[in-house]
Colleague: 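Please find one structure pasted underneath; my questions will follow.
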2 protein chains.
Amino acid sequence: MNEQSCPEFTGLELSPRKVDYLKFILEKGGTVKTTEISSSLKVDPSTTSKTLNELAGAGYLNHVPYKGVDLTELGEVYAEFLVRRHRILSLLLTHYGLSTEEACSEVSRLEAFVSRDAVNKICSAMGHPMVGVCGEITHEKCFHEEHHS
Amino acid sequence: MNEQSCPEFTGLELSPRKVDYLKFILEKGGTVKTTEISSSLKVDPSTTSKTLNELAGAGYLNHVPYKGVDLTELGEVYAEFLVRRHRILSLLLTHYGLSTEEACSEVSRLEAFVSRDAVNKICSAMGHPMVGVCGEITHEKCFHEEHHS
DNA sequence: CAAAAATTTGGGTATACTCCAAAAATAAGC
DNA sequence: GCTTATTTTTGGAGTATACCCAAATTTTTG
């Protein structure tokens, strides 16, 4: 026991805003255009364009200029973690008297600073819940980490 | 019910680092010197000096140049909230399989982004615990908010 | 294929946080 | 009490995040 879970990433790699971009791209699915992201995140398209470039440079996205972005394999794994983290933490807060909306907005503010290790421990302690307050919770990585070796 | 609790502050006023300064100053107690803060937070004294000035400008500290700082009334109330927030959140995380050290370091990363409303709700849901994992939890404000009007 | 729409680039602003070097003030030693 | 040593502050500068505007570019459409 205590093999430190799979050390591919800590969950602290991305800035708060980049987390938003990746979560949106995963939830939208497929190839996503700059405009969609901009209107959803309420930022200027030029801001989106630059951020997308940075995320592509870091290996999370494939960016075909003027066409759009889609997640790389790494990006997909990572974004799934980000969404799972958001949902686990939101669910957690609703157990302490926060409404769904309060929990979600609270978590949106802090999620980028919660480590993967902490999320996995919380997830285990909660019994790997399948239903979150803002969407289904998927546990692929979570189960693997708990069961192998 | 739902009188929005006392709206003096949201708990989101200060940046992560400023939270560290204020927590340290409260826990140290009395007049605190630049050097003490610098060595505790491991930053250059010039950084401390500037940050102290900003906190004084925002009304949290009295700063007597070359002598040291101490908390204003606002600063004291606020810093007590900051310490309580840290302890409530740390205690919370230890209920989910995190060790004291893990909980504390996790919370240190995210605490600045947790609202006072959320802390008060969590605090109530936990039954206003008096003993945290990294120190006693005081509930002055918490009780007042829950009981009046 | 020209006009419209989307996207990117270049340039700039703001906040947070940091350090170094030099100036200023306080504290200590003789 | 005055000179040295220490502490603190100031000035200058750098990095990272995050944002916008205007202009250039590319794609799409009528």
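Proteins get letters first, then strands, A, B, ... in listed order; numbering begins at 1 in each.
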Colleague: Using the test side-chain hydrogen bond (donor to acceptor under 3.5 Å, both in side chains), find all partners of B:Ser115 that sit at least two apart in sequence or belong to another chain.
Modeller: A:Glu106
Colleague: Taking 4.0 angstrom as the limit, do A:Glu13 and A:Arg116 come out as a salt bridge?
Modeller: no
Colleague: Going by heavy atoms closer than 4.0 Å, what residues in residues 15-33 of chain B are next to DNA chain C?
Modeller: B:Ser15, B:Pro16, B:Arg17
Colleague: Suppose we screen for ring-ring contact (aromatic ring centres under 6.0 Å, His included). Which residues come up paired with B:Phe113, at least two apart in sequence or across chains?
Modeller: A:Phe113
Colleague: Run the side-chain hydrogen bond (donor to acceptor under 3.5 Å, both in side chains) test against B:Tyr21 and tell me which residues pass, sequence neighbours left out.
Modeller: none
Colleague: Measure NZ/B:Lys50 against C1'/C:dA21 and give the value in whole Å, please.
Modeller: 11 Å
Colleague: Atom CG of B:Leu12 and atom P of C:dA16: how far apart are they, to the nearest Å?
Modeller: 13 Å
Colleague: Apply side-chain contact (heavy atoms from CB on, under 4.5 Å) to B:Thr94 and list each qualifying residue two or more places apart in sequence or on a separate chain.
Modeller: B:Leu91, B:Ala103, B:Val133
Colleague: Which side-chain N or O atoms in residues 54-64 of chain A pair as donor and acceptor under 3.5 Å with protein atoms at least two apart or in another chain?
Modeller:
| unit_1 | atom_1 | unit_2 | atom_2 | d |
| --- | --- | --- | --- | --- |
| A:Glu54 | OE1 | A:Lys18 | NZ | 3.0 |
| A:His63 | ND1 | A:Asn53 | OD1 | 3.4 |

Colleague: Can you tell me the Watson-Crick or wobble partner of D:dG30, both distances under 3.5 angstrom?
Modeller: C:dC1
Colleague: Using a cut-off of strictly less than 4.0 Å between a heavy atom of the residue and any atom of DNA chain C, enumerate the qualifying residues of residues 51-67 of chain A by number.
Modeller: A:Asn53, A:His63, A:Pro65, A:Tyr66
Colleague: Going by the rule salt bridge (charged side-chain N to carboxylate O under 4.0 Å, His left out), which residues pair with A:Asp70 if we only count those two or more places apart in sequence or in a different chain?
Modeller: none
Colleague: Report all side-chain donor-acceptor pairs from residues 25-34 of chain A shorter than 3.5 Å, counting only partners two or more places apart or in another chain.
Modeller:
| unit_1 | atom_1 | unit_2 | atom_2 | d |
| --- | --- | --- | --- | --- |
| A:Glu27 | OE2 | A:Arg87 | NH2 | 3.0 |
| A:Lys28 | NZ | A:Glu36 | OE2 | 2.6 |

Colleague: Using a strict heavy-atom distance below 4.0 Å, which residues from residues 42-49 of chain A are in contact with DNA chain C?
Modeller: A:Pro45, A:Ser46, A:Ser49
Colleague: For residues 82-109 of chain A, which residue pairs pass the ring pair (Phe, Tyr, Trp, His ring centres under 6.0 Å) check, not counting sequence neighbours?
Modeller: none
Colleague: Strictly by salt bridge (Lys or Arg N to Asp or Glu O under 4.0 Å), give each pair with a member in residues 92-104 of chain B just once, sequence neighbours left out.
Modeller: A:Lys121-B:Glu102
